[in-house]
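Take a look at the structure set out below.
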Amino acid sequence: FVFPAYLFILTMIVIVVCHYCLQRSPTTAPSSCVYRFPIIIGERAVGVLSTLIYLSYSKLLRNVIDIFTYSTVHLPSGDIYVWFYDGNVKYLDDKHAVLFAIAMVTCILFLLPYTFALTFIPIIERYSEHNRLFNYLHKKANKIKPMNDAHYAPYKGEYRWWLGAR
């Protein structure tokens, strides 16, 4: 969980710095380091950062699935559930319960919303002019439009939902 969290923190810092540095204030000189940062990063920053987010999403998803996976050990006294990747750790025992709770929070707060967004934003964009609810959701989704465009650009319009379904 540490490496994807590190990438997310770096991504957010770069986005915030680029956003606030592009709003030039009268006290900021064009030669200052803070003003030059967005110029150095360039216009392709959103595509690179959205790719980092997608790769981190894949790593987090794999970690969560690894934590949720268990195996059954059949003993004469009864069945015991153990963590699949370490048979010495009982499933949802003290050591595993902490990992399980972190994985569950990560799944609920990040993985599921990101998956739903990747799957349903193209559908919302397609039908936004026909339905009031879709129109409202489309206005909210426009706030992250550059990131969506970076994700969906390789796909044709009718297959853009495929990215989230994978």
Side-chain angles (χ1 to χ4, degrees), residues 1-20 41 45-128 131-155 157-166:
F1 288 112
V2 175
F3 184 68
Y6 170 72
L7 284 178
F8 286 130
I9 291 170
L10 282 179
T11 301
M12 291 303 131
I13 289 172
V14 168
I15 288 172
V16 168
V17 168
C18 285
H19 177 72
Y20 286 110
I41 295 294
V46 174
V48 172
L49 296 175
S50 63
T51 302
L52 279 175
I53 289 173
Y54 188 67
L55 292 175
S56 298
Y57 164 78
S58 303
K59 175 80 171 159
L60 278 175
L61 184 63
R62 192 176 76 225
N63 287 343
V64 167
I65 289 172
D66 289 347
I67 291 171
F68 287 166
T69 306
Y70 67 92
S71 183
T72 306
V73 177
H74 302 287
L75 298 173
S77 60
D79 293 343
I80 297 176
Y81 296 104
V82 295
W83 188 25
F84 185 76
Y85 290 95
D86 187 0
N88 296 325
V89 178
K90 290 184 179 179
Y91 194 72
L92 292 178
D93 199 21
D94 294 335
K95 295 177 184 177
H96 187 257
V98 173
L99 276 176
F100 190 86
I102 293 170
M104 185 64 73
V105 167
T106 302
C107 187
I108 291 170
L109 294 180
F110 177 71
L111 294 177
L112 290 176
Y114 190 73
T115 303
F116 286 135
L118 285 178
T119 304
F120 295 116
I121 284 178
I123 296 169
I124 290 170
E125 286 177 352
R126 178 181 285 176
Y127 298 110
S128 64
N131 190 325
R132 294 180 86 189
L133 174 65
F134 282 173
N135 191 13
Y136 173 77
L137 294 173
H138 183 252
K139 288 178 185 176
K140 294 294 182 184
N142 272 341
K143 293 183 179 184
I144 55 172
K145 183 84 170 133
M147 188 178 84
N148 293 338
D149 290 343
H151 283 309
Y152 302 126
Y155 299 101
E158 61 267 13
Y159 300 112
R160 290 190 174 183
W161 57 271
W162 179 248
L163 180 67
R166 293 191 315 167

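From a predicted model like this one, the values you see are computed outputs, not experimental measurements.
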- Query: How would you list all residue pairs meeting side-chain hydrogen bond (donor to acceptor under 3.5 Å, both in side chains) that involve residues 74-84, not counting sequence neighbours?
  - Reply: H74-D79
- What residues, two or more places apart in sequence or in another chain, satisfy side chain to side chain donor-acceptor pair (under 3.5 Å) together with D94? none
- Message: Working to the nearest 0.5 angstrom, can you tell me the gap between I67 CD1 and Y91 OH?
- Response: 9.5 Å
- Query: Nearest 0.5 Å, what's the CG-CG distance between L99 and N63?
  - Reply: 10.0 Å
- Message: To check you understand the geometry: which heavy-atom pair defines the closest contact between L92 and A97, and what is its length?
- Response: O-CB, 4.1 Å
- Query: Is the Y57 ring parallel, tilted or perpendicular to the F110 ring (thresholds 30°, 60°)?
  - Reply: perpendicular
- Task: Of all the heavy-atom pairs spanning H96 and K90, show the shortest one and how long it is.
- Result: CB-O, 3.7 Å
- Message: Within the 4.5 Å heavy-atom criterion, are D66 and F84 side-chain neighbours or not?
- Response: no
- What pair of heavy atoms forms the shortest contact from K95 to V89, and how long is it? CB-CG1, 4.4 Å
- Message: Just checking Y70: does its OH atom have more than 12 heavy atoms from other residues, nucleotides or ligands closer to it than 6.0 angstrom?
- Response: no
- If you round to the nearest 0.5 Å, how far is OG1 of T106 from CE of M104? 10.5 Å
- Message: Within this structure, what is the CG-OH distance for the pair L61 and Y114, rounded to the nearest 0.5 Å?
- Response: 11.5 Å
- Message: Among residues at least two apart in sequence or on other chains, which ones pass ring pair (Phe, Tyr, Trp, His ring centres under 6.0 Å) with Y6?
- Response: none
- Item | Taking every non-hydrogen atom, the tightest pair across P113 and C107 | CD-O, 4.2 Å
- OG/S58 to CG/L111 distance, rounded to the nearest 0.5 angstrom? 10.0 Å
